[in-house]
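Here's the structure we're looking at; comments come further down.
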Amino acid sequence: MQDPSTLASRSPRAVILIDLDCFYAQCEHVRDPALSTTTPVGIQQKNIIVTANYAARLRGVGKLMLVHDALRACPDLAIRNGEDLTHYRAYSKQIWATLRAHFPAPCAIERLGLDEFFIDVTDAPVHPDSETGQLPGDCHAVGDLAGDDLLAVEALVSASWWAHTARHHILTECGFTTSAGIGPSKLAAKLVSSLHKPNLQTVIAPAMVAVYVAGLPFRAIPGLGSSVRKALREHFPTITDSTTVADLTTLLPTAAAWARIAGARVGPTLAALCRGIDSSLVIDTPTTPTQLSVEDAFASPTPSITDLESRLFTLLQSVLARFDTELGAPAVPKSLRVTIRTRSSGFKRTSASAPVVGGLRWRADENAVLRVARGLLRKLVAGGVGGAVDVGDVNLINVALVHFDVPSSSTAAGAAQPTLLAQWARAGPRAAVLDGGGETTGPVHDRAARARLDLNDIAARIRPDLHDDDDVLVLVEHDDAADRMAILMACPFCAASVAPWSWDVHMVAHDADDNID
DNA sequence: CTGGATGAG
DNA sequence: CATTCTCATCCAG
């Protein structure tokens, strides 16, 4: 069977990574313009400085440095507390909105953390300023662009100009400087983005990617974290911090060799990344996250379980408030999760979760939610290794709302269904889009891949349950404006074209019609 | 489905 | 080594 995502990713892409320079510190400068960029600024969370502006870095303040050490290196460090991420989230969202406005579909925009954004500009128009073939003045290059494949070079020169204008928009509309990497893949864009910073950008020639990656220290490979590093050192004691990707490739020449060290899933991926190969696509980050959590770490022991509960309730208030202000009406969290961390466990986390029966109406029944949260906490504190966790041993609590969903046919309230359907109808032709994984997000870019897609295959992927039903007609249409394949299903009752994800609610609406009759 | 491990910024 | 305060994905039970 053809794998559409593989086919789509085979065509050369043009990917930008925009990286906000020392994001938290810049947020403080933007919020308080009187704060000079020449004064060293550090952002404090508990007893560490998590990041610092460039003035502070020049004075020896590093990331995740103890406050004590930072002040010793730089006694006049201006310290801002960054434990509350609210305004950092707000700036991040503003920057995302700016990028979205200037890079509409079919350009995908994927957020990584609060301060990095991948943009796929493969299908963007050729940038007007790229016609001379020159790069923007603030754009460095890795490798000889002129010597590379002609079409790929045109795409990357244009992409470099798009990165330049994106950064210009972020600066003039939001007030933030950025660095950027431009390349034929997410991997390439990411790895060169930090070569020239702050406030500069770097493009890499496609033919140079493998060579460039080979020369990097092996820990630069994204996805190669502390666990894999530990396994590598155990198998190969000669490995040090200065071991390069090329050295590793000599030790582990095949995907199978990698799989033995890092597992069947991660291993082959790392093997490919080490050769500069990354076929992953930029995926639009959804507006609704999969979880929303608030946590607090505390150094001094909590005296009693009541005090622990008091902390828990404060966090719960905070996460509920966040839900109200940040998430749209259709989102409903289905579960509540409480996580604690103890010193004696070596700072490991343990969690417990439970369904939230009240769903949407917890404002009216907050006590019930509080009781659920307290029950989860008691379960964790009672479930310690020796039978019970010492309350004073707990040094972090996290409360999370998880598994958001839109209300569907499973919710009983019949009156609410037509309203929901009306909302989706108003949202217009945001039809399902095939990404090859059977899900309904992301474009299929490669025209040849589209031509090979088999209709039955598509139907089976999108809604295997309905595909067995002969009455359902599946339509595949090309939306020329958006340059996407839309998969729609014809409703046998009203002849409407319905997106697969709204099918169930559509049917419930018809059921409601029947009941009125 | 729940809970842990891992990795990202 | 993680340390902060998050978020996502994968996997075993």
Side-chain angles (χ1 to χ4, degrees), chain A residues 17-27 42-52 62-70 80-89 92 110-118 179 186-187 190 193-194 219-231 233 241 262-267 269-270 273 280 283 285-286 288-299 315 318-319 322 326 334-341 343 345-356 376 379-380 383 395-405 437 439:
Chain A
L17 177 71
I18 303 277
D19 185 348
L20 279 290
D21 298 322
C22 52
F23 182 54
Y24 287 3
Q26 262 206 95
C27 287
I43 307 302
Q44 178 175 201
Q45 285 172 341
K46 295 303 181 298
N47 64 343
I48 61 181
I49 298 295
V50 290
T51 190
K63 290 178 177 175
L64 302 176
M65 184 180 257
L66 289 172
V67 172
H68 182 74
D69 296 338
R80 298 292 146 106
N81 191 91
E83 285 162 20
D84 182 347
L85 307 185
T86 304
H87 64 282
Y88 303 144
R89 279 190 208 100
S92 180
E110 179 176 338
R111 209 184 66 168
L112 194 59
L114 292 179
D115 66 337
E116 296 188 5
F117 299 87
F118 284 105
S179 302
K186 290 170 76 176
L187 174 75
K190 168 86 183 166
S193 68
S194 57
R219 59 184 309 143
I221 297 298
L224 205 164
S226 57
S227 177
V228 173
R229 283 203 301 275
K230 184 163 172 281
R233 275 197 309 274
D241 277 357
R265 191 70 180 238
V266 171
T269 303
L270 290 174
L273 293 177
S280 67
I283 303 295
T285 102
T288 303
T290 62
Q291 57 179 263
L292 195 68
S293 71
V294 173
E295 69 184 36
D296 187 27
F298 33 94
L315 293 172
S318 233
V319 75
R322 267 237 272 154
E326 292 176 28
K334 298 214 300 208
S335 283
L336 191 64
R337 185 183 64 218
V338 173
T339 305
I340 62 167
R341 190 185 66 185
R343 260 176 290 272
S345 71
F347 288 74
K348 288 214 184 320
R349 290 169 179 240
T350 57
S351 69
S353 60
V356 178
L376 292 171
K379 182 177 168 189
L380 290 170
N395 72 345
L396 175 139
I397 302 179
N398 175 300
V399 182
L401 307 179
V402 298
H403 200 335
F404 299 108
D405 214 2
E439 283 305 319

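In what follows, chains carry the letters A, B, and so on, assigned in the order in which the sequence lines appear, proteins first and then strands, with residues in each chain numbered from 1.
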Quiz prompt | Lys/Arg N to Asp/Glu carboxylate O, A:K46 vs A:D296, below 4.0 Å | solution = yes
Quiz item: Can you check whether A:S335 has a side-chain N or O nearer than 4.0 Å to OP1 or OP2 of B:dC1?
Solution: no
Quiz prompt | Phosphate OP1/OP2 of B:dG3 contacted by A:S353 side-chain N/O (<4.0 Å) | solution = yes
Go through the structure and list residues passing salt bridge (charged side-chain N to carboxylate O under 4.0 Å, His left out) with [X], not counting sequence neighbours.
X      : value
A:R349 : A:E295
A:R111 : none
A:D21  : none
A:K348 : none

Starting at atom [atom1] of [X], determine the distance to atom [atom2] of [N], rounded to an integer number of angstrom.
X      : N     : atom1 : atom2 : value
A:K190 : B:dG7 : NZ    : P     : 15 Å
A:R341 : B:dG4 : CZ    : P     : 15 Å
A:L380 : B:dT2 : CG    : P     : 14 Å
A:R229 : B:dG7 : CZ    : C1'   : 10 Å
A:R349 : B:dT6 : CZ    : P     : 14 Å
A:Q291 : B:dG3 : CD    : P     : 14 Å
A:N398 : B:dT2 : CG    : P     : 16 Å

Determine the contact category for [X]: base if any of its heavy atoms lies under 4.0 Å from a base atom, sugar-phosphate if only primed atoms, P, OP1 or OP2 are that close, otherwise nothing.
X      : answer
A:Q44  : nothing
A:K63  : nothing
A:L396 : nothing
A:R322 : sugar-phosphate
A:E116 : sugar-phosphate
A:T350 : sugar-phosphate

Quiz item: Taking all atoms of both residues into account, what is the closest heavy-atom pair of A:N81 and A:Y88, and its distance?
Solution: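 Minimum heavy-atom contact is O-OH, 4.2 Å.
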Self-check item: 5' precedence on DNA chain C between A:R265 and A:P289 (nearest-nucleotide basis)
Solution: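 The residue whose closest nucleotide sits nearer the 5' end is A:P289.
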Quiz prompt | C1' spacing across the pair C:dT6 / C:dA2, given as an integer number of angstrom | solution = 16 Å
Quiz item: When rounded to the nearest Å, what value does the distance between C1' atoms of B:dG3 and C:dT4 take?
Solution: 23 Å
Quiz item: Between which nucleotides of DNA chain C, 5' to 3', does chain A make heavy-atom contacts below 4.0 Å?
Solution: C:dC1 to C:dC11
Quiz item: How would you list, by chain and number, every residue that makes a side chain to side chain contact (heavy atoms under 4.5 Å, CB included) with A:N47, sequence neighbours excluded?
Solution: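 Result, side chain to side chain contact (heavy atoms under 4.5 Å, CB included) vs A:N47: A:L66.
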